[in-house]
Student: 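Structure provided below as structure tokens; questions to follow.
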Amino acid sequence: MDNINFTSKAICYLFLMALFARNQAVVVDVKAKGAKGDGITDDGPAIMNAWKEACAAPPPSSLVIPPGTYMAFPPIQLSGPCKGPIEIKATGATIKAPPEPEKFKTDTWIMITFIDRLTMTGGTYDGQGQVAWKNSNCNSKQTTCQPPVNIRFGFCKNSLIKNLTSINSKYFHIAILGCDNTTLDHLTITAPGNSRNTDGIHLARIKGLNITNSVIKTGDDCISFGDGASNIRVDKVTCGPGHGISIGSLGKFPNEQPVQGVWVKDCTLIGTDNGVRIKSWPAAEPGIVNDVHFEDIIMEKVANPIIIDQNYCPGHACKKGGPSKVKISNVSYRKIKGSSSTKVAVKFDCSAGSPCNNVELADINLTQQGGAIATSQCANVKPKVVGQVIPPACPSGPRTAV
Ligand SMILES: *[C@@H]1O[C@H](CO)[C@@H](O)[C@H](O)[C@H]1NC(C)=O
Ligand SMILES: *[C@@H]1O[C@H](CO)[C@@H](O)[C@H](O)[C@H]1NC(C)=O
Ligand SMILES: *[C@@H]1O[C@H](CO)[C@@H](O)[C@H](O)[C@H]1NC(C)=O
Ligand SMILES: *[C@@H]1O[C@H](CO)[C@@H](O)[C@H](O)[C@H]1NC(C)=O
Ligand SMILES: *[C@@H]1O[C@H](CO)[C@@H](O)[C@H](O)[C@H]1NC(C)=O
């Protein structure tokens with residue numbers, strides 16, 4: 001009897017404690033830390049001060065950027081570890097970077113690092129990149145030559161980034177490194193088709209990441225996979241303009257980790273230079289691409305809908321001395337339909353040194369824009385064909401030179 005009484009009292013007490021703890025959730029508003037939100041005054045220090053307080057507070061805590069327009073000078077550094085799960089909420093807010101590249105001393109505008117269970121919700125992050133895209137030469141006042149990435153996430157594990165908008169980044173919009181077990185949902189990424197190096201989302205050295213329900217219109221790759229990207233799912237993403245979904249480039253730098261376990265499903269590419277691409281540099285370094293699957297993809301006027309390019313050499317800036325040492329295996333293309341803006345809809349230019357292994361094409365129907373018959377080109381690959389594949393894969397034999 002006493003025991004039961006004690007137990008129920010204890011449960012009651014714990015319940016009240018839990019309620020109390022809930023009410024203690026710390027919410028730090030950047031306005032309370034002096035942010036003006038007038039779009040002119042540098043609110044960067046207020047944002048960082050609010051972050052410090054929220055990060056040091058007992059969880060669950062949050063940093064709130066209320067609706068309004070904020071100017072934030074670089075670098076904005078929000079780093080952990082924090083006391084527990086933390087949220088950055090900016091629904092309805094627009095945060096602007098200064099347009100001048102020389103105001104940046106690092107390669108990043110907003111740097112978010114070493115946080116476990118970060119939730120980042122809403123907000124429009126405007127990189128104001130128009131000036132940076134025009135400067136092809138380094139400005140003498142710049143300490144770093146590479147223009148800044150809009151938002152970098154480093155080692156933010158178990159996180160959720162949702163309903164966030166990135167526009168007109170000076171360089172990549174979002175770069176993510178080491179954020180295992182993370183989800184990106186409902187992102188909107190926008191920059192003009194002719195803006196240089198504005199990759200939408202660049203991933204590297206991550207185990208487990210999902211990108212869903214997002215729209216990416218930009219001047220470079222929609223999503224790019226760097227080395228060590230593994231167990232990545234891309235679902236319901238629309239890309240274009242831009243350079244499409246790209247694995248690589250790989251094989252340029254030593255000690256690259258494999259890209260392994262990639263599923264791209266239910267995506268649409270509109271007017272992009274490439275649809276789904278795997279690229280590696282000739283000669284140079286070894287690497288591995290394994291277990292990569294593209295399924296239910298719609299191509300609209302895409303220049304190279306399906307492409308493996310193991311002679312990737314932009315600006316001819318590579319050593320030519322030999323074939324790529326990157327080994328590509330276990331790649332499937334299933335239910336890929338739509339139009340190619342060029343005659344060659346399927347191009348497999350695999351390495352003569354390490355031919356592509358176990359490449360499957362299943363239920364493909366790619367025609368040239370306007371309805372003309374498209375073609376395929378293959379080198380150093382013998383694709384397995386399942387169902388109807390249009391254009392036929394490698395019509396003139398499996399080892400035709402490209
Ligand atoms: C997403 O963000 C937009 C713009 O900030 C906002 O209007 C909308 O309510 C947000 N949606 C959700 C589900 O939070
Ligand atoms: C992945 O992250 C979610 C959200 O923080 C968490 O609930 C889950 O336990 C994590 N999974 C693993 C395997 O760590
Ligand atoms: C990604 O999606 C897959 C399949 O829906 C799920 O099993 C996995 O847990 C998800 N990973 C993350 C990080 O949410
Ligand atoms: C390709 O897949 C097969 C079957 O799952 C597996 O045995 C093989 O190791 C994979 N190839 C590579 C390079 O991992
Ligand atoms: C392939 O796509 C074209 C253009 O959309 C269409 O006219 C044709 O019927 C399709 N062929 C098959 C076999 O589905």
Side-chain angles (χ1 to χ4, degrees), residues 116-120 153 155-162 176 178-187 201 203 206-214 223 229-237 247 250 256-268 278 280 286-293 295-302 305-306 308 324-332 334-341 345-346 350-351 353-376 381-393:
D116 186 8
R117 284 163 294 161
L118 166 72
T119 301
M120 188 156 170
F153 295 93
F155 308 97
C156 295
K157 295 185 179 169
N158 310 315
S159 294
L160 171 63
I161 295 150
K162 61 173 190 204
I176 311 182
C179 298
D180 297 354
N181 185 34
T182 285
T183 299
L184 276 60
D185 184 36
H186 282 102
L187 301 196
I201 302 170
L203 312 167
I206 297 175
K207 292 184 182 70
L209 181 135
N210 293 352
I211 303 175
T212 55
N213 306 310
S214 294
I223 298 172
S230 72
N231 197 4
I232 311 286
R233 285 169 199 273
V234 175
D235 225 327
K236 300 189 188 72
V237 171
I247 295 183
L250 296 168
E256 285 182 344
Q257 296 171 14
V259 173
Q260 188 142 259
V262 173
W263 292 266
V264 177
K265 209 174 174 309
D266 293 321
C267 291
T268 302
I278 302 174
S280 74
I288 290 172
V289 175
N290 180 42
D291 196 12
V292 173
H293 308 281
E295 192 173 341
D296 285 306
I297 315 267
I298 295 168
M299 306 279 180
E300 286 179 23
K301 302 178 188 167
V302 171
I306 294 177
I308 295 177
S324 176
K325 293 176 190 149
V326 173
K327 178 81 195 162
I328 298 175
S329 349
N330 297 335
V331 180
S332 68
R334 295 183 184 139
K335 292 186 264 173
I336 300 187
K337 310 211 146 77
S339 62
S340 173
S341 65
V346 179
C350 291
S351 168
S354 56
C356 296
N357 186 33
N358 192 20
V359 173
E360 179 188 307
L361 287 164
D363 305 318
I364 309 289
N365 184 9
L366 294 166
T367 50
Q368 253 195 93
Q369 183 183 335
I373 292 167
T375 62
S376 63
V381 61
K382 294 178 187 172
K384 175 181 156 197
V385 170
V386 178
Q388 192 160 25
V389 171
I390 307 169

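For ligands, and for the atoms within them, numbers begin at 1 and follow the listed sequence. Counting from 1, the numbers follow the sequence of the chain as shown. Hydrogens, waters and symmetry mates play no part in the numbers below; they use all other heavy atoms, side chains included.
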Student: Quick one: which of T183, D235, D185 gives a side chain to side chain donor-acceptor pair (under 3.5 Å) with T212?
Tutor: D185
Student: Quick one: are the C356 and C350 sulfurs under 2.5 Å apart?
Tutor: yes
Student: For the CG atom of N181 and the SG atom of C156, what is their distance to the nearest 0.5 Å?
Tutor: 12.5 Å
Student: Please say whether T182 places an N or O atom under 3.5 Å from an N or O atom belonging to ligand 3.
Tutor: no
Student: Please confirm whether N181 approaches ligand 3 to less than 4.0 Å, judged on its heavy atoms.
Tutor: yes
Student: Using the salt bridge (charged side-chain N to carboxylate O under 4.0 Å, His left out) criterion, which residues pair with R334? Sequence neighbours excluded.
Tutor: E360
Student: Under 3.5 Å, is there a donor-acceptor pair between the D291 and Q260 side chains?
Tutor: no
Student: Charged N to carboxylate O under 4.0 angstrom, D296 versus K265?
Tutor: yes
Student: By side-chain hydrogen bond (donor to acceptor under 3.5 Å, both in side chains), which residues pair with N231, not counting sequence neighbours?
Tutor: none
Student: With atoms numbered from 1 as shown, which atoms in ligand 5 lie under 4.0 angstrom from a non-hydrogen atom of Q388?
Tutor: 13 (C)
Student: What I want to find out is whether K335 reaches D363 closely enough, with some N-O distance under 4.0 Å, to be called a salt bridge.
Tutor: no
Student: At under 4.0 Å between heavy atoms, which part of L209 makes contact with ligand 3: side chain, backbone, both or neither?
Tutor: neither
Student: Suppose we screen for salt bridge (charged side-chain N to carboxylate O under 4.0 Å, His left out). Which residues come up paired with K162, at least two apart in sequence or across chains?
Tutor: none
Student: Give yes if a backbone or side-chain nitrogen or oxygen of N365 is under 3.5 Å from a nitrogen or oxygen of ligand 5, and no if not.
Tutor: yes
Student: Polar pairs, ligand 4 vs protein, N/O only, below 3.5 Å.
Tutor:
| unit_1 | atom_1 | unit_2 | atom_2 | d |
| --- | --- | --- | --- | --- |
| ligand 4 | 2 (O) | N330 | OD1 | 3.2 |
| ligand 4 | 2 (O) | N330 | ND2 | 2.2 |
| ligand 4 | 11 (N) | N330 | ND2 | 3.0 |
| ligand 4 | 14 (O) | N290 | ND2 | 2.9 |

Student: Quick check on contacts: which atoms of ligand 3 are under 4.0 angstrom from a heavy atom of N210?
Tutor: 1 (C), 2 (O), 3 (C), 8 (C), 10 (C), 11 (N), 12 (C), 14 (O)
